[in-house]
Amino acid sequence: MRDNLVYKILKSHVIEGELKTGEPVGLKIDKTLTQDSTGTMAYLQLEAMGIDRVKTKKSVAFIDHNMLQQGFENADDHKFIQTVASKYGVYFSKPGNGICHQIFLERFSTPGDTLIGSDSHTPTAGGVGMLAMGAGGLDVALAMGGGAYNINTPKVVKIELTGRLNKMVAAKDVILEVLRVLTVKGGVGKVFEYGGEGVETLSVPERATITNMGAELGATTSIFPSDERTLEFFKAQGREEDWIEFKPDADAVYDEVVTINLDELTPLTAKPHSPDNVAKVSEVGKSKVDQVFIGSCTNSSYEDLMKVAKILKGNKVNPDVSLVIGPGSRQVMEMMARNGALADIISAGARILENSCGPCIGMGQAPGTNGISLRTVNRNFYGRSGTLSGQIYIVSPETAAVSAINGVLTDPTVMDVNLTIDMPKKFLIDDSMILAPAPTNAEVEVVRGPNIKPFPISEPLREEVDGRVLIKVEDNITTDHIMPSNSKLLPFRSNIPYLADFCFNTVDTEFPARAKEHNGGFIVAGNNYGQGSSREHAALAPLYLGVRGVVAKSFARIHKANLINNGIIPMVFENESDYEKIDLLDAFEIDNVKSGLKSGFVTVKNLTKGTNFKAFVELTDKEIDVIEIGGRLNYVKSNN
Ligand code: MIC
Ligand code: SF4
């Protein structure tokens, strides 16, 4: 049949539309995940949909992001999610059990199935052969309710891995190399399928590091086959019955092929402030390091942290460095506590955090002024660490650990340590922190703290849309720019009126006041607008501030979907040169919008300049209906 892995899953899950590259399809979703910082919204939306119980094979709610309980807000939100999950038939992973993607991989992943999660790193589960995609909370709520998940049929790019990694070169260096070659917008509209003889040299956690950070390419997702190495992992997790062999046809076809020779890779780093700003560690020079963080959903597996423990054993962390370790799950932490590796890490002088996202999302451990921080995370966007002047370099656990000892950024190949890890045949399995839902909906009362405020709902589209240009931003604006997240703001993820006052805060602190003064208006942006996280707050806060449309050179996939779901019109410049001709506070007017949406483009009048320009609106028929009726929730209600 010449099917690659991606088409095998797409063919068995397509329930709307036809599989033709670029064309919209609706997929049946087998499993879903949410985490707490997007989950409160997702479950409020699920409640608003008026269904009784989720209709997926399995849905899981994790608590891993908002872990610093500085006030009542986070603990209240945890309780809300716990009770609402139980009521609707969703499994609940308690705070302390670990990071959603790590636990999902360990305990819930199943090759050949579909997964969507309200977190952009959901593709982690692609490491075992799932088609796993990040989505906005509302899309996840809809999938929990049994609805299709809509994507454009992606191109499938084969990443052919040849050879084998050299010692001290890591899976992280593989994905950094892919990012170097393809950039943060190189994956838009594509799924990356890994193949070739190099695949079998990589363990499941290594594969998961690669699929996790594939999100930074802007890709729909990334996937590995499920083979003997995958079976080893499932056996160790006591889940052999969940494993199937899942391989592409021998003569499978691909839209493109990119070859990466593992033998040739050397340790790499992504310099501030973008994951594709990649250079060889050896060429960056021995910059002095203030902080090292080893953890996050990209690199916090048992295998990663055991390697770190081997490097640290018998050494001390440099006196000028703060080394912070965040294990990915309780399974990882407990196994390392029992085998003594955790003691080696503690003895070296590391600071041990609980099993959660932690510093990756600015939940504590913000570096000092101008601080240089090496991190094994997947994103080093401006301001994300919580310190605007912080300089975050993304590195592998090996580079991080060796540099923590030396006090300067160091190519780890200089150190001679045996990093072979004897992987246990059986992992420590204890699911007592995963709570099963109540048997029926009626048994549970949902507990709602005062921090949970109603979410804004868009209004039906008018014939004419007008307003001022409220902000004009550059290329590659991330959702961390649009709706920053840190320990001060994350507790308000269920309180849009509060959050809205910080919208675009790292770029332009006047934006919220300006938007309110002018009763809303437009955002003008460059390429790849809204890259990064899946947080729909980056659409909800602008919606609350009256934003009616975004005109950009191009959009990132999940953010575009979130704008549409919230009734905000995404428009793409026909001529990119028109971007240059727009200034802050120019008055825009778009007449006959509804017919414009149907014809695929609108004419935007710039009343201030007395000029016009054309913009494409690339929307499916369903998306047009969603915008016309004022967002996806209104659409769902009107179609029930
Ligand atoms: C991230 O890594 O940016 C996050 C925080 O996990 C987000 C989700 C969020 O903003 O809550 C993501 O990746 O989608
Ligand atoms: Fe958590 Fe960071 Fe992973 Fe996002 S990228 S899920 S914040 S660990």
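Positions are given from 1 along the sequence. Small disclaimer: the values here were computed from a predicted structure and weren't measured. Note: hydrogens, waters and symmetry copies are ignored here, and every other heavy atom, side chains too, is used. In listed order, ligands and their atoms are each counted from 1.
Regarding atom 13 (O) of ligand 1, its nearest protein heavy-atom neighbour is Ser120 OG, 2.6 Å. Counting only heavy atoms of the protein, atom 3 (O) of ligand 1 lies nearest to Arg384 NH1, 2.7 Å. Counting protein heavy atoms only, atom 8 (C) of ligand 1 is closest to Gln35 NE2, 3.2 Å. Scanning all protein heavy atoms for the shortest distance to atom 6 (O) of ligand 1 gives Asp119 OD2, 2.7 Å. At the top of the distance list for atom 10 (O) of ligand 1, counting protein heavy atoms only, stands Arg535 NE, 2.6 Å. Protein heavy atom nearest atom 7 (C) of ligand 1, with residue, atom name and distance: Ser533 CB, 3.2 Å.
Checked against a 3.5 angstrom limit, the closest N/O atoms of Ser118 and ligand 1 fall outside it. Considering backbone and side-chain atoms alike, Ser485 places every N or O at 3.5 Å or more from each N or O of ligand 1. Residue Asn378 has no N or O atom closer than 3.5 Å to an N or O atom of ligand 1. Inclusion of Ser37 in the set of residues having an N or O under 3.5 Å from an N or O of ligand 1 is warranted.
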>> Quick one, Lys185 with Glu216, criterion salt bridge (charged side-chain N to carboxylate O under 4.0 Å, His left out). Give me CA distance, side-chain angles, the key distance, then yes/no.
In response: CA-CA 8 Å; Lys185 26 185 208 298; Glu216 273 47 72; over 6 Å; no
> Can His481 and Phe381 be said to form a ring pair (Phe, Tyr, Trp, His ring centres under 6.0 Å), step by step?
Replying inline: CA-CA 8 Å; His481 291 107; Phe381 300 147; 7.2 Å; no
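Shown in contact with Arg384 at under 4.0 Å from a heavy atom are these atoms of ligand 2, numbered in order with element: 2 (Fe), 5 (S), 7 (S). Each of the atoms 12 (C), 14 (O) of ligand 1 lies under 4.0 Å from some heavy atom of Ser534. Every atom of ligand 2 is numbered from 1 in the order shown, and the set under 4.0 Å from a heavy atom of Asn378 is 5 (S). Close contacts of ligand 1 with Ile361, meaning ligand atoms under 4.0 Å from a residue heavy atom, involve 5 (C). Set against the non-hydrogen atoms of Arg493, the atoms of ligand 1 under 4.0 Å away are 9 (C), 10 (O), 11 (O).
In this structure, the ring of Phe427 has its center less than 6.0 angstrom from the ring center of Tyr302.
With values rounded to the nearest 0.5 angstrom, Asp501 atom CG is found 7.5 Å from Tyr544 atom OH. Here CD1 of Ile81 is found 11.5 Å from OG of Ser93. Values are rounded to the nearest 0.5 Å.
Between Tyr194 and Phe224, the two ring planes are parallel [angle under 30°; tilted spans 30° to 60°].
Asp430 places a side-chain heavy atom less than 4.5 Å from the side chain of Arg330.
Of the N and O atoms on the side chains of Ser120 and Ser533, not one donor lies less than 3.5 Å from an acceptor on the other residue. Defined by atom type and a distance below 3.5 Å, a donor-acceptor pair is present between the side-chain atoms of His101 and Asp119.
Test Gln391, Gln291, Gln365 against Ser373 for side-chain hydrogen bond (donor to acceptor under 3.5 Å, both in side chains) and you get one pass: Gln291.
Between Ala541 and Ala500 the shortest heavy-atom distance is CB-CA, 4.0 Å.
For the ligand labelled ligand 1, residue Arg379 lies inside the 4.0 Å heavy-atom shell.
Excluding waters, the set of protein N, O or S atoms lying under 2.8 Å from atom 1 (Fe) of ligand 2 comprises Cys357 SG.
Other residues, nucleotides and ligands contribute over 12 non-hydrogen atoms within 6.0 Å of the CZ atom of Arg239.
A cation-pi arrangement is present between Lys58 and Tyr91, with the terminal nitrogen or guanidinium carbon under 6.0 Å from the aromatic centre and inside a 45° cone about the axis.
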